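A short worksheet on the structure shown next.
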Amino acid sequence: MKRKNLKALIALGFASTFVLAACGGGASDETADTSGGNTDTSGGSSAEDFSIVMVTDIGGVDDRSFNQSAWEGMQAWGEEHGKEQGTDGYAYIQSDDDSQITTNLNTAVQSNFDLIYGIGFKLRPAMAELAEQNPDQNFVLIDDVIESDNVASVLFKDHEAAFLAGVAAGETTETDRVGFVGGEKSAVIDRFEAGFVAGVEAANPDATVDVQYAGSFGDAAMGKQLAAGMYGNGADIIFHASGDTGNGVFSEAIDRMNAGSDTQLWVIGVDRDQQELGNYSGGNLTLTSTLKGVGTAVHDIANQTMEGNFPGGQVTNYGLAEGGVGLTEGNLSDDVKTSIDEYRQQIIDGEITVPETPGE
């Protein structure tokens, strides 16, 4: 992985805008046509013929979060190389339900793309099986690991960015009650929860964290319901790590602020800058957002592979020190930003070890 590219696109400190969000165009409303292709997956394709595809996690490429970040990175790669969306350039296949993942990955294989991305840990079982059955096909798995020479695995130290989000919440809350909404229980979301809770505790030992899971990354109605309960019980800040479900968290906060809430309510976004989701009649309620260089990884590995340097069998893991995760400036006060800078440096220097599992 070209570390310098990650550092160029995600600042180690704050960024008012996630650079990758400006690199790609808007998400397409329809899944790309994957009915066929002419790419030689044995590795003999020229740069002109090289093609890539991503199979999404639940939520779609317009989830304003994880999948969208990956898609924007793919679009940026296409723009860089003059590629068009389709089987001869770049495409996505959307998974609207867990049951579609295996079929979608099979479609990607049969369509003869040079490089197939699985966006999210849920794709691991199906991709592991297909990688074994198709040893000449190159795969990339985001957010989990497959030990195979034809799979490149990419991990992010989400807990480090989540810790900084916890510091932001702990130092900003006026009620000493904050919330965490997760999508589905998994090792990945465990890292978000553990880091966030640890950050809140470090910054404000008097604050309590209400942790709830929606059981889905694509259920905005459940996100709104969970947020209603948390805000109703006195929380004034909620951090969500729940993909499209988080849109419901924003919706509930906006509805309450528009209705004249006596308390300033905030939401902390995830994976990309979600500032625009927090607009309401009286201003903006996105306190900050954690950043994850998914799109950069997608873009970078595509270039490496096209140049004949596919990182098969390797696991890359990016955190604060590598510039792979970060935090936006959002609506943080200057004092809180200063504090976060100090905590961030302590993590980079190894003075703070952020837990990856809740309860550590």
Side-chain angles (χ1 to χ4, degrees), residues 57 65-66 120-122 124 142-145 153-173 176-217 223 226-227 230 235 237-243 245-246 249 266-272 274 287-294 315-322 324-328 336 339-340 342-360:
D57 198 348
S65 186
F66 188 62
F121 65 89
K122 283 191 169 189
R124 184 189 184 283
I142 304 292
D143 259 359
D144 211 332
V145 175
S153 302
V154 180
L155 300 175
F156 294 90
K157 298 177 183 178
D158 304 297
H159 51 299
E160 293 185 348
F163 182 96
L164 299 184
V167 171
E171 296 198 0
T172 302
T173 179
D176 284 342
R177 292 186 65 88
V178 300
F180 173 84
V181 172
E184 295 184 30
K185 288 288 293 182
S186 65
V188 174
I189 307 303
D190 277 354
R191 291 197 290 270
F192 280 102
E193 178 190 338
F196 181 68
V197 172
V200 172
E201 291 176 347
N204 184 354
D206 294 329
T208 60
V209 183
D210 184 4
V211 176
Q212 301 286 339
Y213 279 79
S216 171
F217 292 104
L226 293 176
M230 291 180 179
I237 302 171
I238 298 175
F239 173 41
H240 88 90
S242 58
T245 297
V249 177
W266 299 103
V267 179
I268 297 177
V270 72
D271 289 341
R272 67 192 299 273
Q274 295 192 320
L287 181 62
T288 181
S289 301
T290 60
L291 300 178
K292 185 171 183 172
V294 179
V315 179
T316 56
N317 198 343
Y318 292 98
L320 292 174
E322 297 81 14
V325 299
L327 201 71
T328 64
V336 173
S339 181
I340 288 173
E342 294 171 354
Y343 277 106
R344 184 182 64 250
Q345 193 60 50
Q346 290 179 65
I347 294 171
I348 292 173
D349 293 342
E351 297 174 12
I352 294 176
T353 301
V354 182
E356 299 184 46
T357 305
E360 282 187 358

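What you see is a predicted model; the values in this text were computed from it and never measured. Position 1 is the first residue of the sequence; numbering continues from there.
By the salt bridge (Lys or Arg N to Asp or Glu O under 4.0 Å) test, D143 is found to be paired with K292, residues two or more places apart in sequence or in another chain being considered. Legend: residues meeting side chain to side chain contact (heavy atoms under 4.5 Å, CB included) with T208, ordered by chain and number and at least two apart, are R177. Looking at residues two or more places apart in sequence or on another chain, you find a ring pair (Phe, Tyr, Trp, His ring centres under 6.0 Å) between Y343 and F163. Listed by chain and residue number, D98, E184 satisfy the side chain to side chain donor-acceptor pair (under 3.5 Å) test with K122 (two or more places apart in sequence, or in another chain). Partners of T353 by side chain to side chain donor-acceptor pair (under 3.5 Å), not counting sequence neighbours: none found. For Q274, the side chain to side chain donor-acceptor pair (under 3.5 Å) partners are H240, not counting sequence neighbours. Residues satisfying the side chain to side chain contact (heavy atoms under 4.5 Å, CB included) test with V145, not counting sequence neighbours, are E147, S153, L155, V315. Partners of T290 according to the side chain to side chain donor-acceptor pair (under 3.5 Å) rule, which considers only residues two or more places apart in sequence or in another chain, do not exist here.
Judged as a salt bridge (Lys or Arg N to Asp or Glu O under 4.0 Å), the pairs with a partner in residues 190-209 (not counting sequence neighbours) are, in order, D158-R191, K185-D190, K185-E193. Within the structure, ring pair (Phe, Tyr, Trp, His ring centres under 6.0 Å) contacts touching residues 178-199 (residues at least two apart or in different chains) are F180-F239, F196-F239.
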*asked:* Please evaluate residues K157 and L320 with respect to the criterion side chain to side chain contact (heavy atoms under 4.5 Å, CB included), reporting the C-alpha separation (whole Å), side-chain torsions for both, the decisive distance (0.1 Å), and the verdict.
replied: CA-CA 8 Å; K157 298 177 183 178; L320 292 174; over 6 Å; no
*Derivation of the side chain to side chain contact (heavy atoms under 4.5 Å, CB included) call for L226 and V249*: CA-CA 8 Å; L226 293 176; V249 177; over 6 Å; no
_Under the criterion side chain to side chain contact (heavy atoms under 4.5 Å, CB included), I'd like the reasoning laid out for I238 against V181: C-alpha separation, chi angles, the key distance, then a yes or no._
CA-CA 7 Å; I238 298 175; V181 172; 3.8 Å; yes
_Using the rule given for side chain to side chain contact (heavy atoms under 4.5 Å, CB included), can you reason through V178 versus W266, listing the C-alpha separation, both sets of side-chain angles and the distance that settles it, and then say yes or no?_
CA-CA 10 Å; V178 300; W266 299 103; over 6 Å; no
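Remark: N204 CG to T173 OG1 distance equals 7.0 Å, nearest 0.5 Å. Distance check: H159 NE2 to L164 CG gives 11.0 Å after rounding to the nearest 0.5 Å.
Taking both residues in full, the closest heavy atoms of A194 and P355 are given as CB-O, 3.6 Å, listed atom of the first, atom of the second, then distance. Between I340 and A168, the shortest heavy-atom distance links the atoms CD1-CB, 3.8 Å. Among all heavy-atom pairs drawn from G179 and A235, the shortest one is N-CB, 4.3 Å. The shortest heavy-atom contact between A161 and G326 is CB-O, 3.6 Å.
With hydrogens and angles disregarded, no donor-acceptor distance shorter than 3.5 Å links the side chain of E160 to the backbone of G319.
Put simply, the side chain of F217 reaches to within 4.5 Å of the side chain of I189, judged on heavy atoms. Counting only heavy atoms from C-beta outward, the side chains of V167 and S339 approach each other to under 4.5 Å.
Considering T288, I268, L287 in turn, T288 is the only one that fulfils the side chain to side chain contact (heavy atoms under 4.5 Å, CB included) rule with T328.
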